[in-house]
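Order of the sequence lines sets the chain letters (A, B, ...), proteins ahead of strands, with each chain counted from 1.
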There are 2 protein chains.
Amino acid sequence: MSVAALQQEDTRTLVLGAALRLFTEKGYFNTSVHDIGRTAGVSIGSIYHHFGDKEGLARTLYAALTARMQHLIDGVVRREGSSHDQARELVARLFAWAEAEPREMAFLLYARHREFLPNEPPVCASRPFAMMREMITRGIARGEIRQMDVMVASASLFGGPIRMITSRLDGILPQPLPGYLDEVWDCAWRAVATA
Amino acid sequence: MSVAALQQEDTRTLVLGAALRLFTEKGYFNTSVHDIGRTAGVSIGSIYHHFGDKEGLARTLYAALTARMQHLIDGVVRREGSSHDQARELVARLFAWAEAEPREMAFLLYARHREFLPNEPPVCASRPFAMMREMITRGIARGEIRQMDVMVASASLFGGPIRMITSRLDGILPQPLPGYLDEVWDCAWRAVATA
DNA sequence: TAAATTAGAACGAACGTTCGTTCTAATCAC
DNA sequence: GTGATTAGAACGAACGTTCGTTCTAATTTA
């Protein structure tokens, strides 16, 4: 990669980082493109050169983060093992990610994307959530999870863990998430497990 | 109440209704005060006379809805009975409310209030959520709920039901919420119940 | 008539966006 | 190897629009 291309990548990274920070701290609509440029140390023109418009910037950020989430889930599903082990591993990784990159998780879970990305489907309808439901379906087929409505099972198994993540992001959980993992997972699994 | 006072109440109600509708449909920042006035059939001046500014309007709406939520919870807590019965009744009422007034529930659960009401505490830190935690604490003391971290128990018991509500609001649940109540509650209670 | 309320035109600040220019570094000509 | 040429990245002042808010005149109420 040429020196120019490297600098170009730097600029994009700088801008995306500033946008993520400002969007999660102040919200999309309370953040101006001028703010982002100032925070990133990059000119307005540059931003428009790279991302087209403000919405394009948000879309790029959103795409990058959902891709990362997708990658995380793929890594879990690829591993062999029971549905129980897969789902637990998924929760463990989500906890770790939320702790390491709270802003990224906040942007994914919290931001009302529909308000500024009108053409994106709602988060719940996206691949990641669909794969969680597939995990459930497999678990029911294997007899690990009780026979029940898939949406109910999905909400019951992941609702608690996700709620823990949002509580942590809101600052009302004193300890890092991984410390709660065992107890949280115990509850979550009891909710849907057979026997 | 005089005729004037009645008309005044009408105006306020009209404006609040229009604001609720537009805020939930398009989001707070995509809704202009002019939009609200046009939808409500009321002048700009009227709105500023009654609510001070756009934020005041949002604050009034938020206060009215949290008061209603508070009232709903009070009604549940006042009834005597086990923690199990109280919590189940709470979920049942939340389901019914979400089905009857989806916009009100959406505004309470979804809207990123921090972005447009900077001085309000986050929803999770509000009275309603605190009372849910109290319900849990009592349940533990009575031996109905297993000994565990209160935050974990709260997330585990109510995380599933709340997730069902947001799914329904997102339109990815085909049936009305009350139809899922038995199955959802069964899962939720298993998550935290003793024995 | 005096006070309270409403109407909507007008205002000013802030925002997203555009565009002409400068700067940089790679490529080409000889 | 040196100077000319070119591509496109970065820049930021300026523009047009939108939005929240104010103001004043008209209307209604008591």
Rounded to the nearest angstrom, tell me the gap between atom [atom1] in [X] and atom [atom2] in [N].
X	N	atom1	atom2	value
B:Asn30	C:dC15	CG	P	15 Å
B:Lys26	D:dT18	NZ	P	13 Å
B:Arg38	C:dA7	CZ	C1'	15 Å
A:His50	D:dA9	NE2	P	6 Å
A:Leu57	C:dC15	CG	C1'	15 Å
B:Phe51	D:dG20	CZ	P	15 Å
B:Asp53	D:dT21	CG	C1'	9 Å
B:Ile36	C:dG8	CD1	P	17 Å

*Find which nucleotide of DNA chain D each of A:Ile44 and B:Ile44 is nearest to by heavy atoms, and output the residue with the more 5' nucleotide.*
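First, find each residue's nearest nucleotide; the 5'-ward one identifies A:Ile44.
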
*Can you tell me if B:Arg138 and B:Gln86 form a side-chain donor-acceptor pair at under 3.5 Å?*
yes

*Tell whether A:His49 reaches the base of D:dG8 with its side chain through a donor-acceptor pair below 3.5 angstrom.*
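Donor-acceptor pair under 3.5 Å: no.
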
*asked:* C:dT5, OP1 or OP2 - any side-chain N/O from B:Thr11 closer than 4.0 Å?
replied: no

*Please examine the side chains of A:Met148 and B:Cys187, heavy atoms only from C-beta on, and report whether any two atoms are closer than 4.5 Å.*
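Yes, their side chains come closer than 4.5 Å.
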
_For B:Tyr110, does the six-membered ring have the charged nitrogen or CZ of A:Arg112 within the cation-pi criterion, i.e. under 6.0 angstrom from the centroid and within 45° of the normal?_
yes

*So which one's nearest nucleotide on DNA chain C is more toward 5', A:Val33 or B:Ser43?*
B:Ser43

_Residue mapping more 5' on DNA chain C - nearest nucleotide basis, B:Gly45 or A:Tyr48_ =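 Counting from the 5' end, the first nearest nucleotide belongs to B:Gly45.
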
*When you get a sec, tell me which of D:dC11, D:dT21, C:dA7 is the closest nucleotide to the side chain of B:Ser46?*
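Nearest to the side chain of B:Ser46 among the choices is C:dA7.
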
*Which nucleotide in the set C:dA7, D:dC11, C:dA10 lies at the smallest distance from any side-chain heavy atom of A:Val42?*
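Out of C:dA7, D:dC11, C:dA10, the nucleotide with an atom closest to A:Val42's side chain is D:dC11.
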
*Is the distance between the ring centroids of A:His113 and A:Tyr28 less than 6.0 Å?*
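Ring-ring flag for A:His113/A:Tyr28: false, centres at least 6.0 Å apart.
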
_Step-by-step salt bridge (charged side-chain N to carboxylate O under 4.0 Å, His left out) determination, B:Arg68 to B:Glu104_ = CA-CA 10 Å; B:Arg68 225 145 129 167; B:Glu104 297 187 359; 3.6 Å; yes

